[in-house]
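To keep things clear, I will list the structure first and then write my remarks on it.
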There are 2 protein chains.
Amino acid sequence: MTKRKLNSTFTLNESFLTECDLTYAVNKIGGRWKILIIDKLSDQKLRFSELNKIFPLITERMLTLQLRALECDGLVKRTVYAEVPPRVEYELTPMALEFLPIFKQLSAWGNKHKGLTK
Amino acid sequence: MTKRKLNSTFTLNESFLTECDLTYAVNKIGGRWKILIIDKLSDQKLRFSELNKIFPLITERMLTLQLRALECDGLVKRTVYAEVPPRVEYELTPMALEFLPIFKQLSAWGNKHKGLTK
DNA sequence: CGGCATCCAGGATGATACTG
DNA sequence: CAGTATCATCCTGGATGCCG
């Protein structure tokens with residue numbers, strides 16, 4: 001986690017920030033595409049190219065990065081098949097599945113209040 | 001919303017992304033400090049300087065920006081009192097209050113899985 | 001097919017100084 | 001007190017090209 005100098009004499013660890021479970025959780029899904037990816041994986045395994053096809057606007061690089069981040073955060077499981085041509089499948093982990101109900105509520109909340117702001 | 005050129009011949013509006021209620025919701029609270037601010041405002045009104053004192057690491061500028069964003073998104077209500085010295089109080093809107101339960105679940109989820117990843 | 005490496009633009013964030 | 005203005009910096013994400 002980043003630190004920040006105070007008065008040039010000492011640094012204050014920002015752990016009190018990361019200790020916030022919410023910040024922690026939101027950061028995990030804060031990427032621009034992560035939520036979309038999780039949503040698509042919620043009921044099926046998908047290959048890299050399939051995801052890329054579903055989201056034509058995401059670049060391969062970003063898809064890679066976001067998938068890696070999700071994998072690193074334990075939300076997505078990556079399975080590589082030693083075949084030719086290579087095949088890689090992505091699926092949600094139990095941790096991510098637990099998140100889906102919250103996901104739904106968030107979605108409902110977003111839907112309810114969408115467009116109410118100027 | 002940003003657009004992106006496709007084949008240099010036309011642009012595809014990314015509305016299909018913003019149509020995702022989840023993305024919409026997460027973007028609202030995606031700021032670095034927004035969640036902390038909402039959390040602190042969940043049970044009390046607070047003045048600008050009080051918030052600034054609670055989060056010593058946030059700069060006045062960022063606090064202003066995040067509060068403005070929250071206000072713009074209809075999550076925070078800003079009340080200015082015509083006094084000397086000036087006084088401004090911030091409080092959550094009903095929309096934000098509706099969000100608190102989800103907030104709690106997210107927090108619990110984050111807490112449960114915190115530290116499980118490498 | 002499923003990436004990674006490199007370069008780069010723009011937005012987010014920070015430091016600092018000033019004001020109604 | 002509660003900001004605003006300005007400049008500097010960092011980081012995210014995009015474009016493009018190469019590789020096992």
Side-chain angles (χ1 to χ4, degrees), chain A residues 1-9 11-12 14 17 23 26-37 45-72 76-91, chain B residues 1-8 11-12 14 17 23 26-37 45-73 76-91:
Chain A
M1 189 55 179
T2 57
K3 301 188 176 194
R4 184 177 152 208
K5 280 186 199 162
L6 291 180
N7 304 323
S8 305
T9 54
T11 58
L12 178 57
E14 292 187 2
L17 289 179
T23 300
V26 169
N27 282 341
K28 280 203 171 190
I29 57 170
R32 181 173 177 188
W33 310 93
K34 290 184 185 175
I35 288 182
L36 289 310
I37 293 172
K45 288 186 183 180
L46 285 174
R47 302 181 55 175
F48 185 89
S49 55
E50 291 173 327
L51 285 168
N52 207 176
K53 193 177 303 179
I54 291 172
F55 305 116
L57 290 182
I58 190 174
T59 61
E60 293 177 357
R61 186 182 107 95
M62 286 315 299
L63 183 54
T64 299
L65 289 177
Q66 301 275 291
L67 284 170
R68 285 285 189 278
L70 288 170
E71 185 190 4
C72 184
V76 160
K77 184 185 171 200
R78 180 170 178 266
T79 308
V80 182
Y81 296 89
E83 304 174 353
V84 177
R87 182 163 60 99
V88 180
E89 283 190 345
Y90 295 91
E91 64 187 310
Chain B
M1 188 55 181
T2 57
K3 302 187 178 195
R4 185 178 151 207
K5 281 185 199 163
L6 292 179
N7 303 323
S8 304
T11 58
L12 177 59
E14 291 186 2
L17 289 177
T23 300
V26 169
N27 283 342
K28 280 202 170 189
I29 58 170
R32 180 172 177 186
W33 310 93
K34 290 184 186 175
I35 288 182
L36 288 312
I37 293 172
K45 287 185 183 181
L46 285 174
R47 304 181 54 172
F48 186 89
S49 55
E50 291 172 326
L51 284 168
N52 207 178
K53 192 178 302 178
I54 291 172
F55 306 115
L57 289 183
I58 191 174
T59 59
E60 292 178 358
R61 190 179 104 92
M62 284 315 298
L63 183 54
T64 300
L65 290 178
Q66 301 276 291
L67 284 170
R68 287 285 190 278
L70 287 170
E71 184 190 5
C72 183
D73 284 336
V76 161
K77 184 185 170 201
R78 180 168 177 267
T79 308
V80 182
Y81 296 88
E83 306 174 354
V84 177
R87 182 163 60 100
V88 180
E89 284 189 344
Y90 294 92
E91 63 187 308

In a table with atom names and distances, give each donor-acceptor pair under 3.5 Å that connects a side chain of residues 47-55 of chain A to protein atoms at least two apart or in another chain.
residue	atom	partner	partner atom	Å
A/E50	OE1	A/R47	N	2.7
A/N52	ND2	A/I58	O	3.4

### Query
Got a second to check how far B/E71's CD is from B/Q66's CD, nearest 0.5 Å?
13.5 Å

### Query
Between B/L63 (CG) and C/dT13 (P), how many Å, whole number?
13 Å

### Message
What's A/E83 touching, base or sugar-phosphate or nothing? Going by heavy atoms closer than 4.0 Å.
### Response
nothing

### Query
Distance from A/R61 atom CZ to A/L65 atom CG, nearest 0.5 Å?
5.0 Å

### Query
Taking CD1 from A/I54 and P from C/dG2, how many angstroms apart are they, rounded to a whole number?
13 Å

### Task
Write down the distance between CZ (B/R32) and C1' (D/dT12), rounded to a whole number of angstrom.
14 Å

## Note on the structure
Overall bend of the helix from C/dC1-D/dG20 to C/dG20-D/dC1 (five pairs an end, 10° steps) is 50°

### Task
Any chance you could list the contact pattern along nucleotides 1-7 of chain D? Use B for base contacts, S for sugar-phosphate-only contacts and - for none, protein heavy atoms under 4.0 Å, 5' to 3'.
BSBBBB-

### Message
Nearest whole Å is fine: how far is C/dA5 C1' from A/M62 CE?
### Response
15 Å

#### Entry: Gap separating the CE atom of B/M62 from the CG atom of B/L57, nearest 0.5 angstrom
13.0 Å

### Query
Taking only N and O in the side chain of B/W33, is any of them less than 4.0 Å away from OP1 or OP2 of C/dG14?
yes

### Query
Between atom CG in B/L57 and atom P in C/dT13, what is the gap in whole Å?
14 Å

### Point-to-point distance, once rounded to the nearest 0.5 Å, from CH2 of B/W33 to CG of B/L67
12.5 Å

### Message
Using the salt bridge (charged side-chain N to carboxylate O under 4.0 Å, His left out) criterion, which residues pair with A/K77? Sequence neighbours excluded.
### Response
A/E91

### Task
Verify the contact: side-chain N or O of A/Q66 to OP1 or OP2 of D/dT12, cut-off strictly under 4.0 Å; return yes or no.
no

### Task
Would you kindly give the CG-to-P distance between A/L65 and C/dG3, to the nearest whole Å?
11 Å

### Summary
Separation of C/dT13 atom P from B/I58 atom CD1, nearest Å, is 9 Å

### Query
Given atom CG of B/N27 and atom P of D/dT12, what is their separation to the nearest angstrom?
16 Å

### Query
What pairs of residues pass the side-chain hydrogen bond (donor to acceptor under 3.5 Å, both in side chains) test when at least one of them lies in residues 80-90 of chain A, not counting sequence neighbours?
A/R78-A/Y90, A/Y81-A/E89, A/E83-A/R87, A/R87-A/E89

### Summary
Nearest heavy-atom approach of B/I29 to B/I35 is O-CG1, 3.6 Å

